[in-house]
4 protein chains.
Amino acid sequence: MNLREKKAARKKEDILRSASKIISRRGYNGATMENIAAELLMTKGALYYYFANKEDLLYQCHYLILSEVSKQVGEIYKENISSTEKMKRAITFHIEVVINEKETFNMIIKPELIFSDEHISLILQQRDEYASIFDKIIQQGIENGEFAVKEKKMARMIILGAVNWIQQWYSSEGDKNIEDIADVYAKYLLKILT
Amino acid sequence: MNLREKKAARKKEDILRSASKIISRRGYNGATMENIAAELLMTKGALYYYFANKEDLLYQCHYLILSEVSKQVGEIYKENISSTEKMKRAITFHIEVVINEKETFNMIIKPELIFSDEHISLILQQRDEYASIFDKIIQQGIENGEFAVKEKKMARMIILGAVNWIQQWYSSEGDKNIEDIADVYAKYLLKILT
Amino acid sequence: MNLREKKAARKKEDILRSASKIISRRGYNGATMENIAAELLMTKGALYYYFANKEDLLYQCHYLILSEVSKQVGEIYKENISSTEKMKRAITFHIEVVINEKETFNMIIKPELIFSDEHISLILQQRDEYASIFDKIIQQGIENGEFAVKEKKMARMIILGAVNWIQQWYSSEGDKNIEDIADVYAKYLLKILT
Amino acid sequence: MNLREKKAARKKEDILRSASKIISRRGYNGATMENIAAELLMTKGALYYYFANKEDLLYQCHYLILSEVSKQVGEIYKENISSTEKMKRAITFHIEVVINEKETFNMIIKPELIFSDEHISLILQQRDEYASIFDKIIQQGIENGEFAVKEKKMARMIILGAVNWIQQWYSSEGDKNIEDIADVYAKYLLKILT
DNA sequence: GATGAATGAGTCTTCATTCAT
DNA sequence: AATGAATGAAGACTCATTCAT
């Protein structure tokens with residue numbers, strides 16, 4: 001990648017981050033290409049230089065964020081700590097992302113309404129990859145005796161579901177900070193696994 | 001209410017049920033008044049005879065379904081059974097609704113994007129009322145020694161969050177039937193309370 | 001006309017008076033058949049029993065009011081008083097109507113925008129008849145030496161124009177009562193004729 | 001203002017002039033954005049590129065024309081001629097505008113039916129400014145002994161009312177040219193002031 | 001690379017009108 | 001005579017997308 005390409009890549013990422021914000025604030029339909037461009041002090045037309053169309057822009061938003069998140073949870077998995085501790089950290093990390101990158105997580109909720117078939121399958125696959133890291137943590141915990149669940153997948157879905165739901169109520173519940181929430185959630189959700 | 005009014009009320013309900021289906025299938029923005037009318041073999045104009053505008057139609061969808069659900073969970077609360085059993089039944093019932101009335105539950109996810117301020121507060125209030133029934137079951141269970149949680153509200157949010165999330169994956173996971181899912185979820189989520 | 005017909009005729013007149021009010025308040029396009037019906041505690045459908053369509057209703061409004069006005073100015077003309085006095089009274093009466101029946105006079109301003117060709121010619125004819133009474137007063141005044149104008153028609157148009165324009169500003173100029181306005185207008189406008 | 005901006009400004013003015021024509025021909029409600037666009041060989045969408053909405057377009061029509069007219073009558077006021085001559089010229093000019101720019105003058109008749117409150121007050125203010133120039137001419141004439149009226153404002157309203165009314169009948173009265181009409185009107189209306 | 005301008009399909013909404021009862 | 005219900009055509013407005021410059 002030469003300098004020019006690097007510059008373009010950075011610009012693209014800037015756009016994706018801004019787009020995420022606006023989409024989360026106004027929803028997919030509420031966020032117009034105009035809005036997104038304005039936030040970046042660009043014109044609509046310029047967006048089309050970098051992205052083929054709105055869906056493409058959206059898809060790349062999704063991809064960027066979920067990639068980063070997957071990478072980080074993958075690293076938690078590789079650490080040399082107990083499975084309980086891994087799960088606790090993964091839950092905590094996930095909650096932080098759900099709340100702070102709320103933006104993009106909204107897009108994840110109903111991809112069928114937004115994306116076309118080709119994108120959908122890519123998205124679901126990427127999502128599975130992310131979830132599978134949690135599965136691996138659980139599997140490892142079972143093997144070393146820390147956890148004891150039969151329906152592993154379902155337990156994982158309960159955990160992620162509970163945790164994804166936080167964004168539904170978080171903003172309005174001003175008295176708790178993220179750390180406290182994460183502690184309580186981890187405490188209760190770990191009960192499920194034991 | 002005379003015959004004519006009864007007929008009109010039934011018609012309104014018919015419309016609301018059909019509207020729910022389409023909205024869940026296509027999302028709020030994807031569902032046009034045209035679509036909804038077509039599904040009912042009506043014309044757009046007729047829809048506007050019964051509802052002031054799209055938001056009004058949507059709000060009444062939401063209200064109808066959540067009312068019914070609240071009533072039923074309220075009845076579970078009043079039954080003469082253990083708190084554990086109550087919570088198990090409430091979870092099971094809720095899961096059934098989430099899956100079968102998936103339609104309307106989608107509307108609940110991001111009401112700010114759809115409804116205007118007056119409706120929003122009504123919606124949130126109605127939602128709180130529903131959630132409070134779960135709170136009462138938990139409270140009762142604590143008082144009679146069946147449950148032992150400190151952060152009651154958060155426990156309830158974990159439960160409802162986990163359970164609401166089911167709709168995200170249910171359709172694609174064809175091998176489990178609702179009953180089985182509900183059993184497993186109830187089993188694991190009750191662990192949180194004890 | 002038997003009793004039934006009489007009753008219907010009275011009802012029709014009631015409708016016309018109410019319609020006038022609403023039309024003047026909201027304009028021709030702003031006044032919906034619904035509005036008009038509501039003011040009369042009727043339903044839209046009932047209006048169509050009495051009038052073929054909106055234009056018909058409007059036309060009959062116009063006809064009713066202008067007939068009454070013509071009749072009254074015609075009577076002033078026949079009185080046994082000086083032409084100056086006649087014109088003064090005619091102007092005063094006209095101003096009163098313009099302000100008090102403002103309602104219907106608005107409809108007169110731009111009939112082409114409202115009525116179809118058949119109605120238009122009837123309306124213009126009726127209007128001409130009204131104006132011709134003023135012409136006759138002027139003619140008489142010239143013949144008996146009270147007035148001295150060459151361009152009689154144009155003088156009449158100046159008078160009626162000045163006077164019709166009152167409705168444009170009347171409501172906002174709260175400090176003058178109709179009588180005072182009429183006096184001043186008559187004083188100045190009579191100067192034109194002498 | 002650079003070249004591009006100048007071009008855009010000219011385009012906007014073009015649009016306003018065309019819009020005026022159509023509005024006067026078909027009335028505010030009769031003139032659709034589609035019509036206006038078609039007249040300009042544009043699409044509806046393009047219109048919305050230049051104006052926020054229909055009311056905005058209308059308001060700017062009004063503003064443009066009334067500004068120009070005010071400026072010109074203001075210049076008549078400043079000329080070094082007798083008050084009688086000034087009033088004669090002002091009346092003549094006003095009549096020319098009423099007839100030739102008939103288009104826009106119609107919009108002035110019932111602004112309440114068209115404009116929202118913010119615009120209304122701006123419009124009334126601009127109108128007052130225009131009328132006040134006539135007031136100043138009258139005042140000056142009184143001071144230098146040419147005119148002798150007590151109710152100055154009302155005299156001004158008679159003059160402008162008479163003159164505005166011309167558009168009601170002008171088109172149908174084909175045998176007089178504007179100049180002749182203006183002469184007669186000026187002659188008679190000046191009688192009011194002396 | 002970027003912009004201003006334009007397009008056109010689509011969406012909500014309104015309303016005069018009709019008609020069975 | 002009157003009503004509730006329904007229709008359908010029309011209109012304002014939005015927005016993703018395109019393209020010449």
Side-chain angles (χ1 to χ4, degrees), chain A residues 4 7-8 11 28-37 40-58, chain B residues 2-5 7-8 11-12 28-37 40-58, chain C residues 4 7-8 11 28-37 40-58, chain D residues 2-5 7-8 11-12 28-37 40-58:
Chain A
R4 176 163 297 173
K7 234 172 143 185
K11 184 117 198 180
Y28 175 72
N29 285 281
T32 68
M33 293 297 270
E34 189 91 44
N35 295 150
I36 296 170
L40 284 145
L41 304 177
M42 287 178 146
T43 59
K44 247 188 307 192
L47 280 183
Y48 281 91
Y49 179 76
Y50 293 101
F51 301 94
N53 51 39
K54 198 177 176 184
E55 190 187 327
D56 181 36
L57 172 59
L58 267 286
Chain B
N2 63 26
L3 181 64
R4 179 159 292 174
E5 281 167 345
K7 238 171 139 181
K11 181 118 201 176
K12 255 182 133 168
Y28 176 73
N29 286 283
T32 69
M33 293 299 268
E34 190 93 42
N35 295 152
I36 295 170
L40 284 146
L41 304 176
M42 288 178 145
T43 58
K44 246 186 308 188
L47 230 46
Y48 280 93
Y49 181 74
Y50 291 99
F51 301 93
N53 50 40
K54 198 177 174 184
E55 189 186 329
D56 181 37
L57 174 58
L58 268 284
Chain C
R4 176 163 300 173
K7 236 172 139 184
K11 185 113 198 182
Y28 174 73
N29 285 283
T32 69
M33 293 298 269
E34 188 93 42
N35 295 150
I36 296 169
L40 285 146
L41 304 177
M42 285 177 148
T43 58
K44 248 187 307 190
L47 281 183
Y48 281 91
Y49 180 76
Y50 293 100
F51 301 93
N53 50 39
K54 197 177 175 184
E55 189 187 327
D56 181 37
L57 172 59
L58 268 286
Chain D
N2 62 28
L3 181 64
R4 181 160 289 172
E5 279 166 347
K7 236 171 143 184
K11 182 117 200 181
K12 254 183 134 168
Y28 176 73
N29 286 283
T32 68
M33 293 298 268
E34 190 93 43
N35 295 152
I36 296 169
L40 285 145
L41 304 177
M42 287 177 145
T43 59
K44 241 187 313 188
L47 230 46
Y48 281 94
Y49 181 75
Y50 291 99
F51 300 93
N53 52 39
K54 197 177 173 183
E55 189 185 329
D56 180 37
L57 173 59
L58 268 285

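Small disclaimer: the values here were computed from a predicted structure and weren't measured.
Distance check: B/D56 CG to B/Y50 OH gives 14.0 Å after rounding to the nearest 0.5 Å. For the atom pair CZ of A/F51 and CG of A/L58, the computed distance is 10.0 Å after rounding to the nearest 0.5 Å.
Residue B/K54 contributes atom NZ, which lies 14 Å from atom P of E/dT14 at whole-angstrom precision. In this structure, OH of A/Y49 is placed 7 Å from P of E/dA2, rounded to the nearest angstrom. The CD atom of B/E34 sits 16 Å away from the P atom of E/dA9 (whole-angstrom rounding). With rounding to whole Å, D/L57 atom CG is found 16 Å from F/dG11 atom P. We find that CZ of A/F51 is positioned 16 Å from P of F/dT18, with the value rounded to whole Å. The interatomic distance linking A/N29 (CG) with E/dG10 (P) rounds to 15 Å, in whole Å. With rounding to whole Å, A/L40 atom CG is found 14 Å from E/dA2 atom C1'. Rounded to whole Å, the distance from CD on B/E55 to P on E/dT11 is 19 Å.
Heavy atoms only, all atoms of each residue included: C/A31 and C/K54 are closest at O-NZ, 2.9 Å. In terms of heavy-atom proximity, C/T43 sits nearest to C/A37 at C-CB, 3.6 Å. C/N53 approaches C/M33 most closely through the heavy-atom pair C-CE, 4.5 Å.
Taking the side chain of D/T43 as heavy atoms from C-beta on, and the options E/dG8, F/dT7, E/dT18, the nearest nucleotide is E/dG8. Closest to the side chain of B/T32, out of F/dA12, E/dT11, F/dT7, is E/dT11. If you check F/dA16, F/dT3, E/dT14 against the side chain of B/Y48, the one that comes closest is E/dT14.
A sub-4.0 Å separation between OP1 or OP2 of F/dA2 and a side-chain N or O of C/K11 is present. Between A/Y50 and E/dA2 there is a side-chain N or O to OP1 or OP2 distance below 4.0 Å.
In this structure, F/dT14 and E/dA9 make a Watson-Crick or G-U wobble pair, each of the two defining distances being under 3.5 angstrom. Pair assignment for F/dT21 gives E/dA2, based on Watson-Crick or G-U wobble hydrogen-bonding distances that are each under 3.5 Å.
Judged by closest nucleotide on DNA chain F, B/L47 is the one of B/L47 and D/G45 placed further toward the 5' end. Both D/N35 and A/N53 lie close to DNA chain F; mapped to their nearest nucleotides by heavy-atom distance, the more 5′-ward contact belongs to D/N35. Heavy-atom distances to DNA chain E give each of C/M33 and D/A8 a nearest nucleotide, and the one nearer the 5′ end belongs to D/A8.
Put simply, the side chain of A/Y49 does not reach to within 4.5 Å of the side chain of A/M42, judged on heavy atoms.
Within 4.0 Å (heavy atoms only), A/A37 reaches no atom of the nucleic acid at all. Here C/A52 lies out of heavy-atom contact (under 4.0 Å) with every strand.
Residue-to-nucleotide contacts include a donor-acceptor pair under 3.5 Å from the side chain of B/K44 to the base of E/dT13.
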